[in-house]
Peer 1: 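Can you read through this structure? Questions will come right after.
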Amino acid sequence: MSNIQNLQTFDPFADASKGEDNRGQEGIIHIRVQQRNGRKTLTTVQGISDDYDKKKIVKACKKKFACNGTVVQHQEYGEVIQLQGDQRNNISEFITTTGLAKKEQLQLHGF
């Protein structure tokens, strides 16, 4: 007689609820526009959770919005994303469509 091993049963839907815990963004993301010299403006995004790689977000935004950007270490706010130009509407749409945060968690500031 052959020895039959009892194989462990595998439930493929056991971890399906793990994606629904909504652990992404807890706080509010502040999107501000600052006036530089002349007609030049600067858009800053502050409050993105540390779970996300901000340099990859900046790289995607630079490519999508055709602007330059960087991640700056701020003494009070931590890591802040800076983008050239008035990108408030673009970045808010980008954050909601990629699922980084909900529309209710975004707060737009500026003139």
Side-chain angles (χ1 to χ4, degrees):
M1 282 194 144
S2 65
N3 192 1
I4 300 175
Q5 283 184 323
N6 186 8
L7 298 175
Q8 293 179 343
T9 60
F10 176 72
D11 184 11
F13 300 107
D15 60 347
S17 62
K18 287 183 185 175
E20 299 172 8
D21 60 353
N22 203 6
R23 68 172 201 86
Q25 183 70 31
E26 300 92 24
I28 294 177
I29 296 176
H30 297 277
I31 302 172
R32 296 180 174 89
V33 65
Q34 297 173 349
Q35 186 73 34
R36 287 178 50 222
N37 49 356
R39 295 176 54 191
K40 309 283 186 186
T41 56
L42 187 70
T43 303
T44 59
V45 182
Q46 175 253 321
I48 294 180
S49 177
D50 290 335
D51 297 341
Y52 302 111
D53 189 3
K54 293 178 185 65
K55 290 185 179 180
K56 288 187 178 183
I57 294 172
V58 167
K59 188 175 180 181
C61 289
K62 285 168 60 172
K63 191 169 189 165
K64 186 167 181 138
F65 308 147
C67 69
N68 201 2
T70 185
V71 177
V72 177
Q73 185 67 35
H74 193 274
Q75 58 204 15
E76 186 179 344
Y77 302 126
E79 287 186 329
V80 177
I81 295 175
Q82 288 184 344
L83 297 171
Q84 280 185 346
D86 188 2
Q87 307 289 344
R88 288 177 292 178
N89 295 331
N90 293 336
I91 192 70
S92 61
E93 182 180 323
F94 176 79
I95 288 174
T96 54
T97 56
T98 55
L100 291 175
K102 297 183 182 96
K103 194 169 182 83
E104 300 84 38
Q105 293 174 309
L106 299 179
Q107 191 168 13
L108 294 170
H109 304 281
F111 41 83

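Start at 1 with the first residue, then count along the sequence.
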Peer 1: Can you see which heavy atom on Gln84 is nearest to which on Cys67, and at what distance?
Peer 2: O-CB, 3.7 Å

Peer 1: Do Thr41 side-chain atoms and Asp86 backbone N/O form a donor-acceptor pair below 3.5 Å?
Peer 2: yes

Peer 1: Taking all atoms of both residues into account, what is the closest heavy-atom pair of Gln35 and Lys40, and its distance?
Peer 2: NE2-O, 3.4 Å

Peer 1: Same cluster for Val71 and Tyr52 if Ile/Leu/Val/Met/Phe/Trp/Tyr side chains link at under 4.5 Å?
Peer 2: yes

Peer 1: Is the number of heavy atoms from other residues, nucleotides or ligands within 6.0 Å of CD (Glu93) greater than 12?
Peer 2: no

Peer 1: Check Val45, Leu83, Leu106, Ile31 against Arg88 for a side-chain contact (heavy atoms from CB on, under 4.5 Å) and give me the one that passes.
Peer 2: Ile31

Peer 1: How are the rings of Phe65 and Phe94 set relative to one another: parallel (under 30°), tilted (30 to 60°) or perpendicular (over 60°)?
Peer 2: perpendicular

Peer 1: Check the hydrophobic clustering (I, L, V, M, F, W, Y; side-chain heavy atoms under 4.5 Å; chains of links allowed) and say if Val80 and Leu42 are grouped together.
Peer 2: no

Peer 1: If you round to the nearest 0.5 Å, how far is CG of Leu100 from CD1 of Ile48?
Peer 2: 6.0 Å

Peer 1: For Val33 versus Gly110, what's the shortest heavy-atom pair and its separation?
Peer 2: CG1-CA, 3.8 Å

Peer 1: Quick check: is Leu108 connected to Ile81 through a chain of hydrophobic side chains (ILVMFWY, heavy atoms under 4.5 Å apart)?
Peer 2: yes

Peer 1: About how many Å separate CD of Gln34 and CD of Gln82, when rounded to the nearest 0.5 Å?
Peer 2: 7.0 Å

Peer 1: Just how far is it from atom NE2 of His109 to atom NE2 of His30, taken to the nearest 0.5 Å?
Peer 2: 5.0 Å

Peer 1: Distance from Thr98 atom OG1 to Lys64 atom NZ, nearest 0.5 Å?
Peer 2: 8.5 Å

Peer 1: Just so I know, are the side chains of Glu79 and Gln73 near enough to count as touching, which here means a heavy-atom distance under 4.5 Å?
Peer 2: yes

Peer 1: If every non-hydrogen atom of Gly47 is compared with every non-hydrogen atom of Ile29, which pair is closest and at what distance?
Peer 2: O-CG1, 3.9 Å

Peer 1: Does CZ belonging to Arg36 count more than 12 external heavy atoms closer than 6.0 Å?
Peer 2: yes

Peer 1: Provide the closest heavy-atom pair for Thr43 versus Gln87 in the form atom of the first, atom of the second, distance.
Peer 2: OG1-N, 2.9 Å

Peer 1: Which atoms form the tightest heavy-atom contact between Thr96 and Lys102, and what is the distance?
Peer 2: CG2-C, 4.2 Å

